[in-house]
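Just so you know, ligand 1 is whichever comes first in the structure, and atom 1 is the first atom listed for that ligand. Small disclaimer: the values here were computed from a predicted structure and weren't measured. Residues take their numbers from the sequence shown, with the count starting at 1.
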Amino acid sequence: MNSAPLKNLAIIMDGNGRWAKERGLSRTKGHEAGAETIRDITTYCAKHPEIETATFYAFSTENWKRPKLEVDFLMKLLSKYLKNELKTYQENGIRFKAIGDIHAFSPALQKRIKETESLTKDNTNLTQILALNYGGRAEITHSVNSLIEEGKTHLTEEDISSALQTPYSDIDLLIRTSGEERISNFLLWQLSYAELSFTSTLWPDFSSKELKSILSSFKNRSRRFGGLK
Ligand code: FPP
């Protein structure tokens, strides 16, 4: 039996480009299909009472290195996604939150992110967190600097946890799609005791059926958190 419930789920969505290539499509088609998958998985999580947050790695600090055309496309897709998603958020009781440094985005996109956060802030079934221009090391560094600026000279783990951008300090389960088995600078602090699940499915093909099966195998894992049982 599990010693802790599954409250906080994190997902590294990988494989949009390969999914498109396999079909002779442009990479952007893969990202569009990937955005649909985020909707399906988020809606599924909102109906799963145990899950409180689902955090998706949507744009890493390293993703700026991609060709400008692809970066521009991802920005437009994000803006379109948030606009279209409002109905889904409200109908399914989903609160939206962004983590990462969104100041690097256009003022219009920043505004849309802030507005979506504000319009959905009272929804309670699930918090969907999109990591945008996010890096785990940057988040920890930012947390420590903000505590130093407050005048703290000695930090505890609780201090650092409480100054992170996420509303939780621990992820229970991390899923990464597309067969890569790396953390890629995602939620470094919060993943300390997470169970890890890697699947070869490419993100656009990932389904709530597969998620359901991963969640049931998570239930059978024994989480010891360094203890004996
Ligand atoms: C990885 O695929 C995917 C990303 C760049 C991040 C996830 C982005 C999306 C799902 C697009 C839509 C997001 C939102 C929030 C609207 P990849 O391009 O690295 O795939 P590859 O490794 O096969 O090339």
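Judged purely by atom type and a 3.5 angstrom limit, Asp205 has no side-chain atom pairing as donor or acceptor with the backbone of Thr201.
Of all atoms in ligand 1, listed by their number and element, those nearer than 4.0 Å to a heavy atom of Gly17 are 17 (P), 18 (O), 20 (O), 21 (P), 23 (O), 24 (O).
Atom 2 (O) of ligand 1 has as its closest protein heavy atom Asn16 N, 3.3 Å. Considering only non-hydrogen protein atoms, atom 6 (C) of ligand 1 sits nearest to Ala58 O, 3.3 Å. Looking only at protein heavy atoms, the nearest one to atom 12 (C) of ligand 1 is Leu77 CD2, 3.6 Å. In this structure, the protein non-hydrogen atom closest to atom 11 (C) of ligand 1 is His31 O, 3.6 Å.
Taking Ile, Leu, Val, Met, Phe, Trp and Tyr as members and joining any whose side-chain heavy atoms lie under 4.5 Å apart, directly or through other members, the hydrophobic cluster of Leu25 also contains Trp19, Leu202.
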Please table the atom pairs, donor to acceptor, closer than 3.5 Å between any side-chain atom in residues 106-113 and protein atoms at least two apart or in another chain.
unit_1 : atom_1 : unit_2 : atom_2 : d
Ser106 : OG     : Leu109 : N      : 3.1
Gln110 : NE2    : His103 : O      : 3.2
Gln110 : NE2    : Phe105 : O      : 2.8
Lys111 : NZ     : Glu115 : OE2    : 3.4
Arg112 : NH1    : Ser79  : O      : 3.4
Arg112 : NH1    : Ser79  : OG     : 3.1

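Proximity of Met75 to ligand 1, defined as any heavy-atom pair under 4.0 Å, is not found for any part of the residue. Contact annotation for Arg27 and ligand 1: only side-chain heavy atoms (C-beta onward) come within less than 4.0 Å of the ligand.
Considering both main-chain and side-chain atoms, Tyr81 never comes within under 3.5 Å of ligand 1 through any nitrogen or oxygen pair. Taking any N or O of Asp14, backbone or side chain, at least one lies under 3.5 Å from an N or O belonging to ligand 1. Where the criterion is an N or O separation shorter than 3.5 Å, residue side chain and backbone included, Arg66 meets it with respect to ligand 1.
Between the side chains of Asn8 and Thr53, at least one donor N or O sits under 3.5 Å from an acceptor N or O. Side-chain contact check for Thr156 and Asp159: at least one donor-acceptor pair (N or O, by modelled atom type) lies under 3.5 Å. Counting only N and O atoms by type, the side chains of Gln128 and Glu85 include no donor and acceptor under 3.5 Å apart.
Between Gly17 and Arg27 the shortest heavy-atom distance is CA-NH1, 3.4 Å.
Trp203 and Phe198 sit in two unconnected hydrophobic clusters of ILVMFWY residues. Membership requires side-chain heavy atoms under 4.5 Å apart, directly or through other members.
Comparing Ile38, Leu78, Thr28, Leu74 by heavy-atom distance to atom 13 (C) of ligand 1, the nearest is Ile38. Of the listed residues (Lys21, Met13, Arg18), the one carrying the non-hydrogen atom nearest atom 3 (C) of ligand 1 is Met13.
Residue contact check for ligand 1: Lys80 places no non-hydrogen atom closer than 4.0 Å to it.
Of the candidates Leu211, Leu173, Leu174, Ile11, Ser197 forms a side-chain contact (heavy atoms from CB on, under 4.5 Å) with just one, namely Leu173.
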